[in-house]
Amino acid sequence: MARHLITSALPYINGIKHLGNLVGSQLPADLYARYLRGRGHEVMFICATDEHGTPAELAAAKTGEPVAEYCRRMHAEQSKLAEGFGLSFDHYGRSSSPQNHRLTQHFAGRLDAAGLIREVSEKQVYSNEDGRFLPDRYIEGTCPNCGYEKARGDQCENCTKQLDPTDLIDPRSAISGSTDLEVRETKHLFLRQSAMRDRIAEWIDSKTDWPVLTTSIAKKWLFDGDGLQDRGITRDLDWGVPVQKGDQAWPGMEGKVFYVWFDAPIEYIGATAEWAEAQGGDWERWWRTDKGAEDVTYTQFMGKDNVPFHTLGFPVTIMGSGEPWKLVDYIKSFNYLTYDGGQFSTSQGRGVFMDDALDLLPADYWRWWLLSHAPESGDSEFTWENFQQSVNKDLADVLGNFVSRVTKFCRSKFGEAVPDGAAWGDAERELASAITRRVRAYEAQMDRMEIRKAAAELRAIWVLGNEYLQAAAPWATFKEDPDRAAMQVRLGLNLIGLYAVLSAPFLPFTAARLREAMNSSAAWPDDVDAALTALPPGHAFTVPDNLFAKITDDQRDEWSERFSGVRG
RNA sequence: GGGCCUGUAGCUCAAUGGUCAGAGCAGGGCGCUCAUAACGCCUUGGUUGGGGGUUCAAGUCCCUCCGGGCCUACCA
């Protein structure tokens, strides 16, 4: 039994996430966590909401709530949706937790002691009317290059030229529209990532088995241009972790908070500490290699936009602390899911969001489609037609109908108990060995986190059941040799029990229904032959209702129309 | 501008430089009747974006052109 620490990139608190966000981190992380638990390993699966930063403050201002209250409410909402999708976090924390405050301040203190923090005085735009400093992209104005009137302070979207906010003609606040702006001097802390460049580069170089997507992004940031740059880790905001060195004040930094990208990854640790406090466990044995974490395998899941923070910033924090914190062992990164030819868009309400999805269909439909089409090698596209076809075929026809035909046939000929009868023949032994090969391949793909390939193997295992049934034809056998038909049906029923276990990482809700209907165990089929005889003659079961209703053409058309843009 | 990824069957995707480039879906034919008009078997379909090169051998390596996507450090 191994110990696995799994973290999913933290979803930002600002609003409900869409399916692209879901498939990029939380869902595959859940798949892996469920699989490893199924194999009997000890798993700590951590996620949390990322609650700090300007967008959270603005979103709260918009609803008129204090930001802390807004975050509390949105956290509850995201938790509920996570539960609805069956995301099996051991703890779903909050980056605003006291645990994270303490840890973030602790790391900052350690980094400062190691000489990895420097103070920088810089000029930033302050909006008098908004009463806050404005991040570059919250300043709008006319582009000096092309004359576009809605250029942002960091870049003009029209001509793609990189800008400095002070370049803008007629600058104004993107928040209030106020032109009462001034440039003020402000002091910030910078993390000296440049000083750690060689160490990080060496570390990345040693990760030859990581996805190319992960290492290529890391190397780009390490070596492009002048190489890895130092980054500001503080902001002039109210909402966040106050800047301190451990529990000591940080002279000159009063009223400032740490920047989200600094405190957010630390919340992986913070959330584990939250878990410990809530459950009464020991979080350090997951995170401190001097306190029991030396045998932990740590895997992170994230979308490609998060890779720089996890390959550079967070490791600099961890390594730079000089303390024996657990460093990530494998970073599984994903491309984007696109929606019907374009991007999912939160602002335009384009695409399907987590709450919409659960209103439409049970979670397992979404889980199956998203995971079996995970954007691993490139961006992948969601279309309603593809979704309808895949789900109807894979879930309703291949898996659902298999369960239906076996259980209903048994009920009509033998009743709702596993029938006694003849012993296995060649066909059954061949099936068992074919399934064994497939199960071992499935495990291998899951171990490698090859998600689409794992889904294909699982589907192939379902197909084997239909092939067997077709060849064995118990409905025909029954007429001349009921004893043999009973054996064939018994094997079919046992296949359902096996499918429940194997499918659980992808389809946890369906798997639970199957286990309940079959009264079968959740034990992983290390020995497939044994698993296929686990339900003995006389074992009672019930015929489940059809597992998956098909998506009709009318539904598909209606949904396609409804989610094309402008969310109501 | 620079960098990275990507282009393979109608669609979605596979293929450590090594048999005839494979699956699933869709299409066509046949079979079955237990089952959600489901299942099974067979089958059509590719000049691997174009061109050039290296090699005994290229989807795979190199060059070039064309198309798509992403990143480029103050959104997170």
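Every chain is numbered from 1 and lettered A, B, ... according to where its sequence line falls, protein lines coming before strand lines.
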On a whole-Å scale, what distance lies between the [atom1] atoms belonging to [N] and [M]?
| N | M | atom1 | value |
| --- | --- | --- | --- |
| B:rG18 | B:rA57 | P | 14 Å |
| B:rG46 | B:rG22 | C1' | 11 Å |
| B:rC42 | B:rG50 | C1' | 36 Å |
| B:rU55 | B:rG17 | C1' | 9 Å |
| B:rC32 | B:rC39 | C1' | 8 Å |
| B:rU64 | B:rC70 | C1' | 23 Å |
| B:rU12 | B:rC56 | P | 38 Å |
| B:rU48 | B:rA23 | C1' | 16 Å |

Base-pairing string, 5' to 3', of RNA chain B - Watson-Crick or wobble, under 3.5 Å, | interstrand: (((((((..((((....[...)))).(((((.......))))).....(((((..]....))))))))))))....
side-chain contact (heavy atoms from CB on, under 4.5 Å) partners for A:N392, two or more places apart: A:Q388, A:K550, A:I551
Short side-chain N/O contact from A:R405 to OP1 or OP2 of B:rA38, under 4.0 Å: no
A:Y339 and A:W384 aromatic ring geometry - parallel, tilted or perpendicular at 30°/60° bounds: perpendicular
With heavy atoms under 4.0 Å as the rule, sort [X] into base, sugar-phosphate or nothing.
| X | answer |
| --- | --- |
| A:P474 | nothing |
| A:K304 | sugar-phosphate |
| A:V463 | sugar-phosphate |
| A:N401 | base |
| A:G227 | base |
| A:D305 | base |
| A:K453 | sugar-phosphate |
| A:Q124 | base |
| A:D397 | sugar-phosphate |
| A:E122 | base |
| A:F309 | base |

Nucleic acid footprint by protein, nucleotides 24-31 of chain B - heavy-atom cut-off 4.0 Å, B for base, S for sugar-phosphate alone: SS-----B
Provide, to the nearest angstrom, the distance between the [atom1] atom belonging to [X] and the [atom2] atom belonging to [N].
| X | N | atom1 | atom2 | result |
| --- | --- | --- | --- | --- |
| A:Y12 | B:rC75 | OH | P | 12 Å |
| A:E57 | B:rC75 | CD | P | 15 Å |
| A:F262 | B:rC74 | CZ | C1' | 17 Å |
| A:L181 | B:rC74 | CG | P | 20 Å |
| A:F409 | B:rC39 | CZ | P | 19 Å |
| A:L493 | B:rA35 | CG | C1' | 14 Å |
| A:F548 | B:rA38 | CZ | C1' | 15 Å |
| A:L469 | B:rU36 | CG | P | 13 Å |

Euclidean distance, A:L237 CG relative to A:F133 CZ, rounded to 0.5 Å: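 Rounded to the nearest 0.5 Å, the CZ-CG separation comes to 10.0 Å.
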A:K62 side, atom NZ; A:N14 side, atom CG - distance, nearest 0.5 Å: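 It comes to 9.0 Å.
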Test log, rule side-chain contact (heavy atoms from CB on, under 4.5 Å), inputs A:H310 and A:Y268: CA-CA 11 Å; A:H310 290 78; A:Y268 292 140; 2.6 Å; yes
Which residue lies more 5' along RNA chain B, comparing A:C410 with A:R452 via nearest heavy atoms: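 So the residue in question is A:R452.
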Whichever of A:A476 and A:P11 has its nearest RNA chain B nucleotide further upstream toward 5':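 That would be A:A476.
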Centroid-centroid under 6.0 Å between A:F414 and A:F478 rings: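 Yes: the rings meet the under 6.0 Å criterion.
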No-H, no-angle donor-acceptor pair, A:E467 side chain to B:rC41 base, under 3.5 Å: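 Checked by distance alone, the answer is no.
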Under 3.5 Å donor-acceptor pair, A:Q488 side-chain atoms to B:rC34 base atoms: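 Counting by modelled atom types and ignoring angles, no donor-acceptor contact under 3.5 Å is found here.
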Exam field: side chain A:Y499 to backbone A:I461, donor-acceptor pair closer than 3.5 Å: yes
Residue pair A:E51 / A:T49, side-chain donor-acceptor N/O under 3.5 Å: yes
A:Y468-A:E428 side chain donor-acceptor pair, cut-off 3.5 Å: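 A pair is found: one side chain offers a donor N or O, the other an acceptor, under 3.5 Å apart.
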Among all residues two or more places apart in sequence or in another chain, which pass the ring-ring contact (aromatic ring centres under 6.0 Å, His included) test with [X]?
| X | value |
| --- | --- |
| A:H373 | A:W369 |
| A:Y12 | none |
| A:Y365 | A:F548 |
| A:F190 | none |

The side chain of [X] lies closest to which of these nucleotides: [options]?
| X | options | value |
| --- | --- | --- |
| A:P135 | B:rA14, B:rC74, B:rU36 | B:rC74 |
| A:W221 | B:rU36, B:rC75, B:rA73 | B:rA73 |
| A:K550 | B:rC75, B:rC74, B:rA38 | B:rA38 |

Non-neighbouring partners of A:T510 that pass side-chain hydrogen bond (donor to acceptor under 3.5 Å, both in side chains), sequence neighbours left out: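 For A:T510 the side-chain hydrogen bond (donor to acceptor under 3.5 Å, both in side chains) partners, ignoring immediate neighbours, are A:D364.
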Summary of salt bridge (charged side-chain N to carboxylate O under 4.0 Å, His left out) pairs that have at least one residue in residues 398-411 of chain A, sequence neighbours excluded: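 Sorted result for residues 398-411 of chain A: empty, none.
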Residue pairs involving residues 477-489 of chain A (criterion salt bridge (charged side-chain N to carboxylate O under 4.0 Å, His left out); sequence neighbours excluded):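 Found none.
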A:P419 and A:L493, any side-chain heavy atoms less than 4.5 Å apart: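 Counting from C-beta outward, A:L493 and A:P419 do come under 4.5 Å.
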Members of residues 437-445 of chain A that approach RNA chain B, where some heavy atom sits under 4.0 Å away: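 Under 4.0 Å from RNA chain B: no residue of residues 437-445 of chain A.
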Is there any protein nitrogen or oxygen under 3.5 Å from a nitrogen or oxygen in nucleotides 3-12 of chain B, and what are the pairs?
residue : atom : partner : partner atom : Å
B:rC4   : O2'  : A:S216  : OG           : 3.3

